[in-house]
Number of protein chains: 2
Amino acid sequence: MTPRTPRTPEAGARGDLFDPLCPTRRLLDRIGGKWTSMAVKVLAEASPDEVRFAELQRRMAGVSQKMLSVTLQALCRDGLVSRRVEGTVPPRVYYGLTDLGLSLEVPLAAVRRWAEEHMAEIDRAQQLADTVTEDM
Amino acid sequence: MTPRTPRTPEAGARGDLFDPLCPTRRLLDRIGGKWTSMAVKVLAEASPDEVRFAELQRRMAGVSQKMLSVTLQALCRDGLVSRRVEGTVPPRVYYGLTDLGLSLEVPLAAVRRWAEEHMAEIDRAQQLADTVTEDM
DNA sequence: CAGTATCCGAGCCGATACTG
DNA sequence: CAGTATCGGCTCGGATACTG
């Protein structure tokens with residue numbers, strides 16, 4: 001989901017939007033992951049640094065332990081999510097958004113708003129297109 | 001890239017963000033595609049209904065004929081892109097954004113802005129995380 | 001010119017089982 | 001409780017070749 005390092009680090013930094021490693025492309029690769037945006041949303045709605053692993057899994061209906069773990073690791077490595085361990089047995093781990101992660105909520109909210117307002121139009125266009133091509 | 005029809009159409013319409021078929025999830029599946037957001041951007045920058053296939057391919061550095069075709073077909077079926085054919089031999093096909101497609105530029109611009117402003121921080125966080133875990 | 005058809009490798013993601 | 005390890009399916013997307 002999250003490549004460790006771009007092959008040519010300078011390219012992404014140059015700001016060339018047509019470079020395959022442009023910032024936008026790389027961001028979309030992250031938030032395009034099946035559980036990433038949902039994790040950010042859930043963490044953004046909770047009090048900072050307060051949600052534990054199991055609680056997170058409960059709030060993200062359908063996510064497996066493995067995928068939640070993978071998703072959180074990627075977000076931590078990217079500096080979007082913080083992780084605090086308490087005790088050793090049984091372990092308690094608290095997750096929360098960093099300031100950077102919280103700032104990601106702005107574009108994500110824009111995406112959500114557009115989806116809620118316009119996905120129905122896409123469905124209609126799709127059904128129209130399908131009925132036209134279907135009867136051949 | 002674009003499933004023909006959701007398995008349970010009502011679920012997506014209900015607005016339940018935790019449903020796997022929620023609008024946001026489905027939108028992210030689309031714009032997460034490797035070439036989708038770039039196609040929208042290039043078409044948004046051009047005059048409406050004026051860009052031909054080859055020109056589009058030229059402006060989207062690196063895209064193959066196949067993937068450009070697949071991407072445009074999906075966008076057309078979703079009602080985000082319009083397609084106008086002129087003549088038969090040789091064929092001339094003009095593409096452009098619909099109003100719906102143009103409106104998608106708003107959230108996409110937000111994503112781009114965040115990426116340009118903050119991806120460098122992610123890179124730094126990643127390098128830090130990598131150097132810490134690496135030497136073990 | 002503007003596509004379509006086919007093959008194929010890479011990686012996402014799910015299911016399941018195991019551990020400190 | 002909070003993970004890791006492993007296997008396997010499926011889809012995305014690239015390379016190449018062909019067509020009206």
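Chain naming here is simple, since letters A, B, ... match the order of the sequence lines and numbering starts at 1 in each.
Residue order along DNA chain C, read from the 5' end via each residue's closest nucleotide, puts A:G32 first among A:G32 and A:P90. Taking for each of A:K66 and A:L72 the nucleotide of DNA chain D with the nearest heavy atom, the 5'-most of the two is the partner of A:L72.
Listed nucleotides D:dT6, D:dA2, D:dA17 differ in distance to B:Q65; the shortest reach to its side chain belongs to D:dA17. Listed nucleotides D:dT4, D:dG14, C:dA2 differ in distance to A:S69; the shortest reach to its side chain belongs to D:dT4.
Each of A:L43, A:V40, A:L97 was compared with A:L102 under the side-chain contact (heavy atoms from CB on, under 4.5 Å) criterion, and only A:L97 meets it.
For D:dA2, neither phosphate oxygen OP1 nor OP2 lies less than 4.0 angstrom from any side-chain nitrogen or oxygen of A:R92. Distances shorter than 4.0 Å separate some side-chain N or O of A:R83 from OP1 or OP2 on D:dG3. The phosphate of D:dG3 (OP1 or OP2) has no side-chain N or O of A:Q73 nearer than 4.0 angstrom. Proximity of B:Y95 to the phosphate of C:dG3: a side-chain N or O atom is located under 4.0 Å from OP1 or OP2.
If you take CG of B:D29 and C1' of D:dT11, they are 11 Å apart, rounded to a whole angstrom.
The pair A:E117-A:R113 meets the salt-bridge criterion, since a charged nitrogen lies less than 4.0 angstrom from a carboxylate oxygen. Remark: A:R124 does not engage A:E121 in a salt bridge, criterion side-chain N to carboxylate O under 4.0 Å.
Among the atoms of the strands shown, none is found under 4.0 Å from any heavy atom of A:Y94.
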